[in-house]
Amino acid sequence: MIKSQLRFTNYLRTTIKNTSLEVLIPDITTYFSRIKLTKNDFFVKSGMISTNFCFVESGVLQHSILVNEEEKTTYFALKNTCTTSLQSFLKEIPSRKSIKALTECVLWIIDVNDFKKLLINNKAFYQFYFNLLENQIFLIDDYRIDLLTLTPEKRYKKLLINEPNLLQKVPLRYLASFLGISTRNMSRIRKNIK
C-alpha cells in the first residue's frame, strides 16, 4: 500500500510542477481512497451520475458511447492518468458515456464534495487540476488534428510508438473504434505493418 500511495504522490508532484506547493500534497492524498475494479466492471455507466474522479494506478479504462446501438470508444484512461465523466461528475447530471475496466484496475478515487473542497482549500490541488485540464486539452487537440490529417496507417503507427503496451491489453475492436478505423481495415493495417 505504501508503494502504491507513493506512485500516486509522485504523480501529483509531477503534475503540480511547483516545489513550493509539495508540502500540501499529503493533505490531498487523505481525501482519496484506493479501490480495485475487475475486468468489465463499470466505473461510470451511461445515464447514471459519475460520483467519483480517479487516478489510474494500474489498468486500462475504456470511455465509450453508443451510436446506433454500436459501441464507440472515445478514450482510454491508462496507468498514471486521471479520469471521470467530467461534466456528469461536476454538474451531477447523468453521464453521456460509460467508463469500463478493460483489465483489472487499481484506482485512487475522490467524491465530488471532497473534490470541490480541495479545489477551494488546497492550492496544490487547484494547480494539479489546472495543469491536468491544460494537458488534456493539448491531447484532445492533437487527437482531433491526427484524425483529420493522418491516414489510418499513420494513426496506428503513432499508437504503436506512443502506447505499445496498449496493443496487448486492449481488444482490436476497441482500438479500431478509438482510431476511427473499421475493424476490418484495422486487421489489414496490423497485418501490413508487423
Would [X] and [Y] count as having a side-chain donor-acceptor pair, cut-off 3.5 Å?
X: Thr38; Y: Glu104; result: no
X: Asn52; Y: Asp111; result: no
X: Ser95; Y: Ser46; result: no
X: Tyr129; Y: Glu134; result: no

Is there a chain of hydrophobic side chains (I, L, V, M, F, W, Y, each step under 4.5 Å between heavy atoms) that links [X] to [Y]?
X: Leu132; Y: Ile140; result: no
X: Leu118; Y: Val23; result: yes
X: Phe8; Y: Leu37; result: no
X: Ile99; Y: Leu86; result: no
X: Ile110; Y: Leu21; result: yes

Taking the side chain as C-beta and beyond, is there a heavy-atom pair between [X] and [Y] under 4.5 Å?
X: Val56; Y: Leu78; result: no
X: Leu61; Y: Lys100; result: no
X: Met186; Y: Arg184; result: no
X: Leu150; Y: Ile145; result: no
X: Phe43; Y: Ile109; result: yes
X: Ile35; Y: Val106; result: no
X: Phe178; Y: Tyr143; result: yes
X: Gln87; Y: Ile93; result: yes

Atom [atom1] in [X], atom [atom2] in [Y]: separation rounded to 0.5 Å?
X: Lys91; Y: Ser85; atom1: NZ; atom2: OG; value: 11.5 Å
X: Thr15; Y: Asn135; atom1: OG1; atom2: CG; value: 7.0 Å
X: Leu175; Y: Glu163; atom1: CG; atom2: CD; value: 10.5 Å
X: Phe125; Y: Asp27; atom1: CZ; atom2: CG; value: 10.5 Å
X: Leu24; Y: Ile16; atom1: CG; atom2: CD1; value: 8.0 Å
X: Asn165; Y: Leu160; atom1: CG; atom2: CG; value: 11.0 Å

Derivation and outcome, salt bridge (Lys or Arg N to Asp or Glu O under 4.0 Å), residues Glu153 and Arg188 = CA-CA 10 Å; Glu153 290 82 3; Arg188 181 187 54 78; 3.5 Å; yes

Identify the two heavy atoms, one from [X] and one from [Y], that lie closest to each other, and give their separation to 0.1 Å.
X: Gln168; Y: Pro164; value: OE1-O, 3.1 Å
X: Thr183; Y: Leu172; value: CG2-CD2, 4.2 Å
X: Val44; Y: Lys97; value: CG1-O, 3.8 Å
X: Pro94; Y: Ile49; value: N-CG1, 3.9 Å
X: Leu179; Y: Arg155; value: O-NE, 2.8 Å

Establish, yes or no, whether a centroid distance under 6.0 Å links the rings of Phe32 and Phe55.
->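 Here the rings of Phe55 and Phe32 have centres that are no less than 6.0 Å from each other.
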
Is the Phe89-Phe115 ring centre distance short of 6.0 angstrom?
->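 Yes; Phe115 has its ring centre under 6.0 Å from that of Phe89.
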
Cationic tip of Lys45 above Phe42 ring, under 6.0 Å, 45° of axis |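 Here Lys45 passes the 6.0 Å and 45° test against Phe42.
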
Taking only Lys NZ, Arg NE, NH1 and NH2, and the carboxylate oxygens of Asp or Glu, determine whether Glu70 and Arg173 approach each other closer than 4.0 Å.
->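 Between Arg173 and Glu70 there is no salt bridge, as every charged N stays at least 4.0 Å from the carboxylate O atoms.
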
Parallel under 30°, tilted from 30 to 60°, perpendicular over 60°: which one fits the rings of Phe53 and Phe128?
->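 Phe53 and Phe128: perpendicular rings.
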
Decide side chain to side chain contact (heavy atoms under 4.5 Å, CB included) for Thr51 and Val112; before the verdict, give the C-alpha distance in whole Å, the side-chain angles of both, and the deciding distance to 0.1 Å.
-> CA-CA 6 Å; Thr51 57; Val112 71; over 6 Å; no

So among Lys36, Lys79, Arg7, which one has a salt bridge (charged side-chain N to carboxylate O under 4.0 Å, His left out) with Glu57?
->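 Output: one option passes, namely Arg7.
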
Are any side-chain N or O atoms of Thr81 and backbone N or O atoms of Ala77, one a donor and one an acceptor, separated by less than 3.5 Å?
->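 Side chain of Thr81 to backbone of Ala77, a donor-acceptor pair under 3.5 Å: no, none is there.
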
Using atom types as modelled and distance alone, determine if a side-chain donor or acceptor of Asp141 lies under 3.5 Å from a backbone N or O of Ile137.
->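 Not a single qualifying donor-acceptor pair exists.
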
Yes or no on side chain to side chain contact (heavy atoms under 4.5 Å, CB included) for Leu66 and Glu71, after CA distance, side-chain angles and deciding distance?
-> CA-CA 5 Å; Leu66 281 179; Glu71 184 181 48; 4.2 Å; yes

Show the numbers, then the answer: is there a side chain to side chain contact (heavy atoms under 4.5 Å, CB included) between Ser64 and Tyr75?
-> CA-CA 7 Å; Ser64 67; Tyr75 182 72; over 6 Å; no

Pair His63-Thr83, side chain to side chain donor-acceptor pair (under 3.5 Å): steps then yes or no = CA-CA 9 Å; His63 290 230; Thr83 198; 2.7 Å; yes

Does the side chain to side chain contact (heavy atoms under 4.5 Å, CB included) test come out yes or no for Asp146 and Lys158, once each step is laid out?
-> CA-CA 9 Å; Asp146 288 351; Lys158 186 173 180 178; 2.5 Å; yes

